[in-house]
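One structure below.
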2 protein chains.
Amino acid sequence: MNLMHWRLLVAVADHGSITAAAGHVGMTQSAASQAMAGMEATLGAQLFTREPRKTLPTALGLSVIEQARVMLGALQAIRSTVDEARPMLRGTIRIASFPMVLATFLTPFLQRFRQLYPGIDVTTLDVTDNEVLTLLEADLIDLGVVLNPKPERQATILGRDCWMAVLPTNHPLAQRPADASVSLEELFEQAFVLATGGCSANARSLGAAVGLTLRDIRVEVREWSSAFSLVREGVGVTLVPEMALPVERQGLRVMPLTAPRYREFALVGSPNRPPSAAAAALLKMLAER
Amino acid sequence: MNLMHWRLLVAVADHGSITAAAGHVGMTQSAASQAMAGMEATLGAQLFTREPRKTLPTALGLSVIEQARVMLGALQAIRSTVDEARPMLRGTIRIASFPMVLATFLTPFLQRFRQLYPGIDVTTLDVTDNEVLTLLEADLIDLGVVLNPKPERQATILGRDCWMAVLPTNHPLAQRPADASVSLEELFEQAFVLATGGCSANARSLGAAVGLTLRDIRVEVREWSSAFSLVREGVGVTLVPEMALPVERQGLRVMPLTAPRYREFALVGSPNRPPSAAAAALLKMLAER
DNA sequence: AATAATTACGATGCACGTAAGAATG
DNA sequence: CATTCTTACGTGCATCGTAATTATT
């Protein structure tokens with residue numbers, strides 16, 4: 001009982017003749033006759049009455065045909081689905097992002113994506129946030145991770161994290177109760193260790209956005225981890241994304257901001273051309289996550 | 001791409017493993033692996049990603065599986081339909097009716113029925129209306145045609161026809177305009193040819209039902225055709241069912257009754273036992289006609 | 001080592017086509 | 001006599017199973 005046989009069954013019903021149906025599905029009269037006989041034998045019931053000039057469905061045949069159409073419809077739907085998905089089957093996506101984000105958000109997501117779209121090669125570049133913009137502008141990558149995307153740019157949010165104040169345990173502000181917070185204004189008055197994580201979005205830019213400036217920058221470092229050492233040594237306080245916090249926080253007091261500030265990571269496509277089918281699939285999956 | 005393969009596809013999705021799915025549908029690992037590879041090759045797209053411990057559907061695979069379930073559902077529906085229809089596949093129905101009805105209503109209907117239920121033998125007996133009742137009562141037949149069934153008896157209407165007055169062309173009442181009618185009262189006053197057609201429902205019983213009696217019965221015959229000859233010869237007028245009218249109406253004036261009277265034919269089952277599956281199928285088909 | 005998938009290969013069987021036969025109008 | 005379905009028979013492809021291979025944990 002092959003699938004072709006169900007097509008044949010419906011064709012016989014539509015044409016009122018095995019011969020005509022056979023021609024329609026590309027079989028011999030003989031093959032069609034045998035196939036129909038075989039189906040009836042398998043089901044153990046007569047589906048058509050053979051009269052000299054025409055073969056018409058029995059009552060049971062009519063029911064069966066109706067459901068056979070459903071079956072064939074589903075089969076056709078499968079074929080359409082596959083054909084429509086064909087552009088997304090193969091392809092390449094180059095994604096640029098900056099350190100931390102790659103490991104924290106992108107990697108687990110891409111693992112799932114690669115599982116769902118095994119034909120699409122996804123390569124990632126680990127650069128700075130400014131370089132992402134350059135690469136996007138030059139169309140050297142398909143997608144890039146940007147921080148705090150402008151609303152006019154269509155961007156898909158990948159995740160966000162919260163800026164946290166980090167102080168030496170013995171710092172006066174660190175003596176507040178367990179669930180206390182610290183305001184950006186207070187923080188900016190302190191001796192400060194400015195860490196950038198290689199990003200242009202850092203404590204300084206965060207302050208600038210609300211008209212605050214750091215009063216007393218003692219050191220400026222690129223690596224977040226360096227900043228934590230300096231804070232432990234009592235050089236100053238610092239402000240870092242939650243994601244960058246170390247597991248070992250001995251000697252550090254981590255406090256939320258009174259008015260929480262976030263940085264959002266989003267994936268954006270090239271500003272110059274629409275995303276490829278592969279990239280579109282990735283963005284769609286991200287949006288539906 | 002066999003139907004079993006679609007079952008396999010769904011089973012793989014459900015079990016997350018080709019091996020487990022193979023066992024579930026009764027195949028070897030090898031056969032299953034080959035089958036899946038074959039399906040993917042035929043569709044020209046990868047449906048699963050093979051990882052060492054599990055094989056999970058790709059995005060396309062998920063869509064395909066969804067529709068494959070529809071397909072298999074339809075297939076299962078077909079199997080159920082056939083199984084449920086099995087009692088109606090074979091059987092015997094004996095139907096008793098009386099002349100005219102058999103030819104006019106029953107035969108074309110039974111022709112269609114035999115086409116739709118070729119496994120059911122339908123035999124017909126041609127008897128009088130009284131005999132039908134006797135046969136039904138004695139459970140010697142499955143179905144019988146009765147005239148004007150009592151409402152309390154569950155009966156399926158086969159058809160009806162209209163009582164018509166038949167007069168000699170030169171009869172005084174026959175001189176009325178083309179679309180004129182004649183009342184039962186007028187008719188019963190005339191010299192009358194009483195025809196019965198072998199039925200107990202005839203002009204006399206029709207009159208008795210409304211308190212009229214035939215004033216002047218000149219002849220009483222069994223065959224309708226005999227009555228028409230007598231009317232042509234001017235022996236009297238008669239009242240016959242429309243169905244019984246001859247094609248050749250030379251010398252006859254056929255007029256409707258002023259208050260039309262009908263006789264209804266209906267199929268009823270035995271009053272003692274429920275109808276067989278086969279008989280039920282016939283009654284259902286008649287009711288849905 | 002254990003589990004899972006793929007590959008190789010031989011065998012079975014099913015479905016097809018050619019061709020002849022039967023039935024019906 | 002033409003049309004349609006069925007039967008007979010031989011062939012070929014598809015699919016299956018056994019068993020060996022690969023790959024991963």
Side-chain angles (χ1 to χ4, degrees), chain A residues 1-58 61 65 68 72 75 111 114-115 118-119, chain B residues 1-58 61 65 68 72 75 107-108 111-112 114-116 118-119:
Chain A
M1 204 154 60
N2 208 341
L3 266 167
M4 176 69 88
H5 294 163
W6 292 105
R7 275 187 59 198
L8 176 65
L9 180 91
V10 171
V12 170
D14 288 343
H15 291 82
S17 138
I18 292 186
T19 306
H24 198 256
V25 303
M27 292 174 75
T28 316
Q29 288 163 330
S30 163
S33 176
Q34 291 177 67
M36 297 303 302
M39 306 226 359
E40 290 181 330
T42 306
L43 292 178
Q46 195 171 341
L47 301 178
F48 291 90
T49 52
R50 275 73 159 183
E51 287 169 43
R53 288 289 157 187
K54 54 191 185 299
T55 74
L56 296 175
T58 63
I65 288 157
L72 294 174
L75 183 63
Q111 186 174 346
R114 288 197 178 94
Q115 195 269 305
Chain B
M1 206 156 56
N2 210 340
L3 266 167
M4 176 67 89
H5 295 163
W6 292 105
R7 276 186 58 197
L8 176 65
L9 180 89
V10 171
V12 170
D14 288 343
H15 292 81
S17 136
I18 291 186
T19 306
H24 197 256
V25 303
M27 291 174 74
T28 316
Q29 288 167 327
S30 162
S33 176
Q34 291 178 66
M36 296 304 302
M39 305 225 2
E40 290 182 329
T42 307
L43 292 177
Q46 194 171 340
L47 302 178
F48 292 88
T49 50
R50 275 73 158 182
E51 288 170 42
R53 288 288 159 187
K54 55 193 186 297
T55 74
L56 295 175
T58 63
I65 287 157
L72 293 175
L75 183 63
T107 300
Q111 186 175 344
R112 175 91 181 118
R114 287 197 178 92
Q115 195 268 304
L116 285 176

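Keep in mind that this is a model prediction, so the values were computed, not measured.
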Could you pull out every donor-acceptor pair under 3.5 Å between side chains of residues 23-37 of chain A and any protein atom, sequence neighbours left out?
unit_1, atom_1, unit_2, atom_2, d
A:Ser30, OG, A:Gln34, NE2, 2.9

## Note on the structure
Rounded to 10°, the helix from C:dA1-D:dT25 to C:dG25-D:dC1 deviates from straight, judged by its five-pair end axes, by 30°
Starting at [atom1] of [X] and ending at [atom2] of [N], how long is that distance when rounded to a whole Å?
X	N	atom1	atom2	answer
B:Met39	D:dC16	CE	P	12 Å
B:Glu40	C:dT6	CD	C1'	12 Å
B:Ile18	D:dC16	CD1	P	13 Å
B:Met36	C:dT7	CE	P	14 Å
A:Leu56	D:dC5	CG	C1'	14 Å

### Message
Walk along nucleotides 15-25 of chain C from 5' to 3' and tag each nucleotide B, S or - by protein heavy-atom contact under 4.0 Å, base first, then sugar-phosphate.
### Response
SBBBB----SS
### Task
Provide the full list of salt bridge (Lys or Arg N to Asp or Glu O under 4.0 Å) pairs with a residue in residues 11-34 of chain A, sequence neighbours left out, each pair given once.
A:Asp14-A:Arg69
### Task
State which residues pass side chain to side chain donor-acceptor pair (under 3.5 Å) with A:Thr49; sequence neighbours excluded, sorted by chain then number.
B:Gln115
### Message
Is it the case that the side chain of A:Arg50 and the backbone of A:Phe48 share a donor-acceptor pair, with hydrogens and angles ignored and the cut-off at 3.5 Å?
### Response
yes
### Query
Is there a donor-acceptor pair under 3.5 Å between the side chain of A:Glu40 and the backbone N or O of A:Leu47?
yes
### Query
Is the shortest side-chain N/O distance from A:Thr19 to OP1 or OP2 of D:dT4 below 4.0 Å?
no
### Task
With sequence neighbours excluded, tell me which residues meet side chain to side chain contact (heavy atoms under 4.5 Å, CB included) with B:Ala20.
B:His15, B:Ser17
### Task
Would you give the length of the straight line joining atom CG of B:Leu72 to atom CD1 of B:Ile65, rounded to the nearest 0.5 angstrom?
11.0 Å
